[in-house]
Student: 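Starting off with a structure, shown below.
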Amino acid sequence: MSLICFASPKGGVGKTTLTANIADALHRLGHRVLAIDLDSQNALRLHFGVPLTDRGGFLAGLTQGGGDWRGQLRQTPSGVLLLPHGAMDLRGALDMAAALERDPDLLGNPMREMLSEPGLVVVADLPPGPTQALALLAPMATMVIGVLQAEAISAALVPEIESGRFLGTGTMAALLAGRLRVVLNGVDLASRLSRASAEAVARHLGYRMIGAMSREETVAESLACQRLLLDHAPDSQAASDLKEIARLIAAALPPATACVALASAPVGGVISAMAPAAPRATAEASQ
Ligand SMILES: Nc1ncnc2c1ncn2[C@@H]1O[C@H](COP(=O)(O)OP(=O)(O)OP(=O)(O)O)[C@@H](O)[C@H]1O
Ligand SMILES: [Mg+2]
């Protein structure tokens with residue numbers, strides 16, 4: 001029903017961290033959420049506590065006739081449904097890129113099916129840089145969130161974001177630029193450089209900057225513990241930043257209450273596999 005993509009021209013900026021934790025925060029706000037990993041690093045699952053030995057996943061099986069995304073869903077303890085990427089070697093990644101180039105519907109069709117599930121919010125973690133998956137999904141997305149770090153190099157990436165060149169070319173870029181928003185991650189208010197970089201990016205991007213998240217040990221720690229930030233360090237500044245970003249994203253989605261009503265419909269697919277959002281957690285996320 002709604003698709004939120006996390007992407008970035010640059011690697012290592014916090015896309016996977018934000019995908020996992022925003023998916024969790026949106027679920028706590030009462031949304032039905034499916035987090036999908038489109039990056040062959042297969043790392044999104046780690047945030048949700050999926051064991052390292054579980055190497056299965058959706059995209060990795062796609063070229064071997066694995067279009068059955070429902071069969072690959074993992075119900076995570078957080079209540080978020082997860083479609084891991086699955087383990088993939090270099091040959092597999094090259095074959096997948098070639099297959100998507102030949103037949104974009106390989107991914108486009110299952111994604112359209114997911115988006116036809118009433119009330120479902122799909123949150124996608126994309127690989128770094130301009131990728132086929134991003135070109136394919138950006139036109140279907142409610143919002144593409146470009147993640148930048150609060151560092152000097154981000155100033156050089158702002159024109160890519162502003163123009164939409166990061167998502168396409170020419171008129172297509174201009175069309176898609178309207179759905180692009182930016183999260184500035186890793187802001188360290190004690191560092192002059194980090195602060196100056198963050199301020200410069202915010203000044204430039206204006207309303208397109210949807211939020212900022214502080215740099216904190218607890219964020220990396222939560223991954224090390226394979227826990228979500230709102231469970232691991234609910235009182236941290238980063239957790240509070242995360243809830244604020246999720247609240248602003250949720251404002252662009254159909255109301256969660258409508259989703260709950262739709263979810264009670266007798267659907268044999270994914271919705272019936274989803275646990276209702278916990279009221280305690282919902283109240284917590286809206287604080
Ligand atoms: N706000 C933050 N404070 C501290 N550490 C962070 C923060 N955000 C992310 N990290 C850490 O930075 C590292 C990179 O984050 P992450 O894997 O989410 O980036 P990515 O953009 O998905 O990387 P890639 O481009 O390789 O997919 C991780 O170790 C993560 O725990
Ligand atoms: Mg990543």
Side-chain angles (χ1 to χ4, degrees), residues 4-25 35-50 52 57-60 78 80 82-88 90 93 96-97 123-134 137 144-151 153-154 157 160-161 166 180-191 193-195 197-198 201-202 209-246:
I4 310 290
C5 293
F6 281 87
S8 176
K10 194 170 180 300
V13 290
K15 295 178 294 299
T16 304
T17 304
L18 279 159
T19 304
N21 288 292
I22 289 291
D24 176 44
I36 178 170
D37 190 351
L38 298 169
D39 187 343
S40 60
Q41 292 182 67
N42 197 21
L44 186 62
R45 69 198 170 119
L46 303 177
H47 292 266
F48 290 98
V50 172
L52 277 171
F58 168 62
L59 214 65
S78 66
V80 172
L82 174 70
L83 265 182
H85 182 284
M88 190 179 248
L90 176 63
M96 168 60 65
V123 183
D125 180 27
L126 283 110
T131 58
Q132 272 168 326
L134 180 60
L137 296 188
V144 177
I145 300 186
V147 183
L148 292 178
Q149 279 276 345
E151 59 188 1
I153 187 70
S154 295
L157 299 173
E160 294 303 303
I161 300 266
F166 162 55
L180 192 59
R181 294 290 179 273
V182 171
V183 167
L184 204 51
N185 186 28
V187 181
D188 178 359
L189 291 179
S191 152
L193 182 56
S194 175
R195 204 181 175 123
S197 309
V201 170
M209 212 178 109
I210 199 168
M213 185 145 146
S214 69
R215 170 169 298 281
E216 263 174 39
E217 186 81 356
T218 51
V219 179
E221 244 175 44
S222 66
L223 172 59
C225 303
Q226 285 199 264
R227 296 182 75 197
L228 291 155
L229 185 64
L230 294 181
D231 284 329
H232 181 71
D235 300 325
S236 62
Q237 179 60 49
S240 142
D241 294 339
L242 191 73
K243 286 190 275 190
E244 177 62 10
I245 296 165

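Predicted model, so just to flag it, every value in this text is computed and none were measured. Each residue takes its place number in the sequence, starting with 1. Atoms within each ligand, like the ligands themselves, are counted from 1 in listed order.
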Student: Is a side-chain N or O of D241 found less than 3.5 angstrom from the main chain of S214, in a donor-acceptor match?
Tutor: yes
Student: So, using salt bridge (Lys or Arg N to Asp or Glu O under 4.0 Å) as the criterion, who are the partners of E216 when residues are at least two apart?
Tutor: none
Student: Tell me: protein heavy atom nearest atom 19 (O) of ligand 1, and distance?
Tutor: G14 N, 3.0 Å
Student: Report the protein N/O/S neighbours of the Mg ion (ligand 2) that fall below 2.8 Å; do not count waters.
Tutor: T16 OG1
Student: To which protein heavy atom is atom 29 (O) of ligand 1 closest, and what is the distance rounded to 0.1 Å?
Tutor: L223 CD2, 4.4 Å
Student: Give the minimum heavy-atom separation between G211 and I245, together with the two atoms involved.
Tutor: CA-CG1, 4.0 Å
Student: By number and element, which atoms of ligand 1 are closer than 4.0 Å to a non-hydrogen atom of D39?
Tutor: 27 (O)
Student: Tell me, please, which residues at least two apart from Q226 pass side chain to side chain donor-acceptor pair (under 3.5 Å).
Tutor: none
Student: For P128, counting its heavy atoms only, list the atoms of ligand 1 lying under 4.0 Å from any of them.
Tutor: 25 (O)
Student: Please work out, at 4.0 Å between heavy atoms, whether the side chain, the backbone, both, or neither of S8 comes within that distance of ligand 1.
Tutor: neither
Student: With atoms numbered from 1 as shown, which atoms in ligand 1 lie under 4.0 angstrom from a non-hydrogen atom of G12?
Tutor: 19 (O), 20 (P), 21 (O), 23 (O), 24 (P), 25 (O), 26 (O)
Student: Between the side chain of R195 and the main-chain N/O of L189, is any donor-acceptor distance below 3.5 Å?
Tutor: yes
Student: Work out which heavy atom in I145 is nearest to a heavy atom in V183; give both atom names and the distance.
Tutor: CG2-CG2, 3.6 Å
Student: Under a 4.0 angstrom heavy-atom cut-off, which atoms of ligand 1 come close to V13?
Tutor: 19 (O), 20 (P), 21 (O)
Student: Who's the nearest protein heavy-atom neighbour of atom 17 (O) of ligand 1, and how far?
Tutor: T16 CB, 4.2 Å
Student: Any idea which protein heavy atom is nearest atom 27 (O) of ligand 1, and the distance to it?
Tutor: Q41 NE2, 3.1 Å
Student: D125: what forms a salt bridge (Lys or Arg N to Asp or Glu O under 4.0 Å) with it, not counting sequence neighbours?
Tutor: none
Student: Which residue owns the protein heavy atom closest to atom 10 (N) of ligand 1, what's the atom, and how far is it?
Tutor: V219 CG1, 4.2 Å
Student: If you have a sec, work out which protein heavy atom is nearest atom 4 (C) of ligand 1 and how many Å separate them, to one decimal?
Tutor: E216 O, 3.0 Å
Student: Given side chains that start at C-beta, do those of S222 and D231 come closer than 4.5 Å, heavy atoms only?
Tutor: no
Student: Should you measure from each heavy atom of G11, which atoms of ligand 1 turn up under 4.0 Å away?
Tutor: 25 (O)
Student: Which heavy atom in M209 sits nearest to a heavy atom in A212, and how many Å separate them?
Tutor: CE-CB, 4.2 Å
Student: Pick one of side chain, backbone, both or neither for how D125 approaches ligand 1, counting any non-hydrogen atom pair under 4.0 Å.
Tutor: neither
Student: For ligand 1, indicate whether the residue N185 contacts it via side chain, backbone, both or neither (heavy-atom separation under 4.0 Å).
Tutor: side chain
Student: How close does the nearest protein non-hydrogen atom get to atom 18 (O) of ligand 1, and which residue and atom is it?
Tutor: T17 OG1, 2.5 Å
Student: For A246 and I22, which heavy atoms make the closest approach, and how far apart are they?
Tutor: N-CD1, 3.9 Å
Student: So, is S214 polar-close to ligand 1, with some N/O to N/O distance under 3.5 Å?
Tutor: yes
Student: Return the residue, atom name and 0.1 Å-rounded distance of the protein heavy atom closest to atom 21 (O) of ligand 1.
Tutor: K15 NZ, 2.8 Å
Student: Where do H47 and A20 come nearest, in terms of heavy atoms and distance?
Tutor: CB-CB, 3.4 Å
Student: At their closest point, which heavy atom of N42 faces which heavy atom of P84, and how far apart are they?
Tutor: OD1-CB, 4.1 Å
Student: Are any of the side-chain heavy atoms of H85 and M96 separated by less than 4.5 Å?
Tutor: no
Student: Between D37 (side chain) and A43 (backbone), is there a donor-acceptor pair under 3.5 Å?
Tutor: yes
